[in-house]
Amino acid sequence: FFFFKQKTAYEIAQRLVGSEMCIRDRYKMMKESYMKMKKFSETVMSYTLVNQQGCELELINYGATIRALRVPDRTGKLVDVVLGFNTLDEYKKCDAYIGCTVGRTAGRVRGGTFKLNGKVITLSKNEKGITTLHGGIEGFNQKIWKVVMHPSDPLKITMQYHSKDGEEGYPGNLATSVTFELSEKTNDVTITYEAETDKPTPVSLTNHSYFNLNGEGSGVDVLNNEIMIASSKYLPVDTTMLPIGKQEPVEMTPMDFRKPTQIGKRIHDPSFEQFKHTIGYDHPWMFDLGGDVKCLGFSALTGIEMIIKTTEVSVVMYTGNFLDGKMKGKTGTEYKKHYGFCLETQSVENSMNEPTFPQCILDPKDKYKQATTFSFNAKQYYKQSTHIKTSTLK
């Protein structure tokens, strides 16, 4: 069980003159890659990693959140492909988990309870008073994380949070770290999650970024974005949007994304019973065995392709069904229904209450470690992916 003793980036920044620092001189061996820091608020810092391609990954340590991700489109122009806000107050008021790290457990826990070693564990309930969603009333998304720099690598930052025994009802002290890394010569963003505990406890961490491959400021929703999910089975949900405990084949249903398909092609299918519960996609898919690429996204407007590889066993795709236009983002754009999609790689939702699902209980003798990589390319046209043999877009 470990504790965090390193000097934090925030402590370093407090000693600097001015509100922004560009750390170029410290990384002369990487002439075009650098990091810049600035105050996001009185208590929160912003960190922007810039690689040799000009790709920019901006993070804040409130909620270990991805605030911006700027990647080149087919013309070479940088396009921000994630939703986010300009102020800490907007993040605090937001209940849509935009861009943040969620935990201890991503997704919903039925009834806010589960049994662990014969004992009933009761969690805080933050969804209609009956369900625990994304870690409870004050989950990891609302915490200020400690930041640890990597002196030899300006494109890597680790954020750490120590969750105390009993926090939101979860047993055990949990030492958690999330490392964000931007590749130097390719536009790959890797998020590595690690945790250790002193008591058995469920752990399932993920990032809740809303992607819009048309561009955050485009004003165009994501129904035209094309998605591939390497899965032949999904988990149906009930009226509380929790998995009912069985897997169903995706074949001949709107859940079949084995070939890249526009999100909007079947999202309004009135004959599909599941959409009456979710008003769109808000479901887990179980990844098929084999193959590196687990998910893919593409926008014909920008030519931006996103490829996802992960160590996780499942993904939840959420299509911003409850965004209602009341929130405005970084560019003043209204975040209306379906303005972003999430691909949340994680342990199977509510697995602690479903013994037939792969389990997410972390034991003190073990270490939790999962990783997801988001890779971005720009294409002049998109006929057939070089990564997915069956993925021909028409």
Side-chain angles (χ1 to χ4, degrees), residues 1-13 43-45 47 59-66 97 99-107 109 114 116-117 119 121-124 126 132-153 156-181 189-208 310-313 344-348 351-352 358-373:
F1 191 70
F2 62 90
F3 294 90
F4 309 127
K5 298 180 180 179
Q6 297 98 323
K7 191 178 293 296
T8 68
Y10 182 77
E11 290 168 336
I12 296 171
T43 56
V44 173
M45 295 292 293
Y47 309 84
L59 310 162
I60 60 173
N61 62 318
Y62 178 79
T65 295
I66 296 177
Y97 301 91
C100 65
T101 298
V102 294
R104 290 186 193 190
T105 52
V109 178
F114 61 94
L116 182 59
N117 296 331
K119 180 181 178 182
I121 305 297
T122 301
L123 308 176
S124 66
N126 59 324
T132 300
L133 175 63
H134 291 325
I137 294 172
E138 192 175 322
F140 289 4
N141 61 298
Q142 298 181 55
K143 306 298 184 180
I144 295 179
W145 293 56
K146 179 182 290 187
V147 175
V148 176
M149 311 285 280
H150 295 266
S152 62
D153 191 347
K156 186 176 182 180
I157 279 188
T158 297
M159 298 192 184
Q160 300 173 329
Y161 176 66
H162 183 185
S163 177
K164 295 181 179 180
D165 184 14
E167 184 175 293
E168 303 301 314
Y170 290 94
N173 292 287
L174 187 75
T176 308
S177 72
V178 180
T179 299
F180 299 88
E181 188 169 7
V189 175
T190 298
I191 308 175
T192 303
Y193 308 90
E194 297 179 83
E196 293 182 48
T197 183
D198 56 3
K199 294 180 182 177
T201 190
V203 181
S204 176
L205 307 175
T206 194
N207 179 267
H208 207 281
T310 185
T311 59
E312 285 287 12
V313 297
E344 307 160 51
T345 55
Q346 59 185 71
S347 298
V348 183
S351 63
M352 64 286 286
Q359 292 299 297
C360 66
I361 303 300
L362 178 65
D363 193 85
K365 69 177 184 296
D366 298 323
K367 292 184 179 181
Y368 173 93
K369 185 175 183 179
Q370 299 288 350
T372 297
T373 297

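Sequence positions, counted from 1, serve as the residue numbers for this chain. It should be emphasised that the depicted structure is a prediction, and the values quoted were computed from it without experimental measurement.
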Asks: From the options Ile60, Val44, Val178, select the one residue that forms a side chain to side chain contact (heavy atoms under 4.5 Å, CB included) with Trp145.
Replies: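 When Ile60, Val44, Val178 are each tested with Trp145, the side chain to side chain contact (heavy atoms under 4.5 Å, CB included) holds only for Val178.
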
Asks: State whether the side chain of Thr373 and the backbone N or O of Thr190 hold a donor-acceptor pair below 3.5 Å, judged by distance alone.
Replies: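 Not confirmed, Thr373 side chain does not pair with Thr190 backbone.
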
Asks: Please lay out, stage by stage, how Thr197 and Tyr368 fare under the test side-chain hydrogen bond (donor to acceptor under 3.5 Å, both in side chains).
Replies: CA-CA 9 Å; Thr197 183; Tyr368 173 93; over 6 Å; no

Asks: Which of these, Phe140, Tyr62, Tyr193, sits in a ring pair (Phe, Tyr, Trp, His ring centres under 6.0 Å) with Tyr161?
Replies: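 Single pass found, and it is Phe140.
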
Asks: Treating Asp198 as the side-chain partner and Gly172 as the backbone partner, does any N or O pair qualify as donor plus acceptor under 3.5 Å?
Replies: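 It does not hold such a pair.
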
Asks: Donor-acceptor check, side chain of Thr311 to backbone of Ala371, threshold 3.5 angstrom: yes or no?
Replies: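 Confirmed, Thr311 side chain pairs with Ala371 backbone.
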
Asks: Look only at the side chain of Gln359 and the backbone of Ser351, and say whether a donor-acceptor pair between them is shorter than 3.5 Å.
Replies: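 Indeed, once roles are kept as given, a pair shorter than 3.5 Å links the two residues.
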
Asks: For the residue pair Tyr97 and His208, categorise the inter-ring angle as parallel (less than 30°), tilted (30 to 60°) or perpendicular (more than 60°).
Replies: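 Tilted, since the angle between the ring planes falls between 30° and 60°.
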
Asks: So, the side chain of Thr105 versus the backbone of Ser204: is there a donor-acceptor pair under 3.5 Å, distance only?
Replies: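 No; zero donor-acceptor contacts below 3.5 Å.
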
Asks: Checking Asn141 side chain against Gly63 main chain: does a donor-acceptor pair fall under 3.5 Å?
Replies: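 Pair absent, no side-chain N/O of Asn141 close to backbone of Gly63.
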
Asks: Quick check: does any side chain N or O of Gln142 sit under 3.5 Å from a backbone N or O of Ile137, one acting as donor and the other as acceptor?
Replies: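 Yes; judged by distance alone, with no hydrogens or angles, the pair exists.
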
Asks: Can a donor-acceptor pair be found, under 3.5 Å and without considering hydrogens, that links the side chain of Thr158 to the backbone of Met149?
Replies: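 Looks like no, no N/O pair under 3.5 Å.
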
Asks: Scan Glu312, Gln370, Met352 and name whichever one has a side chain to side chain contact (heavy atoms under 4.5 Å, CB included) with Ser347.
Replies: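 Option passing the side chain to side chain contact (heavy atoms under 4.5 Å, CB included) with Ser347: Glu312.
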
Asks: Do His134 side-chain atoms and Ala106 backbone N/O form a donor-acceptor pair below 3.5 Å?
Replies: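 A pair under 3.5 Å: no.
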
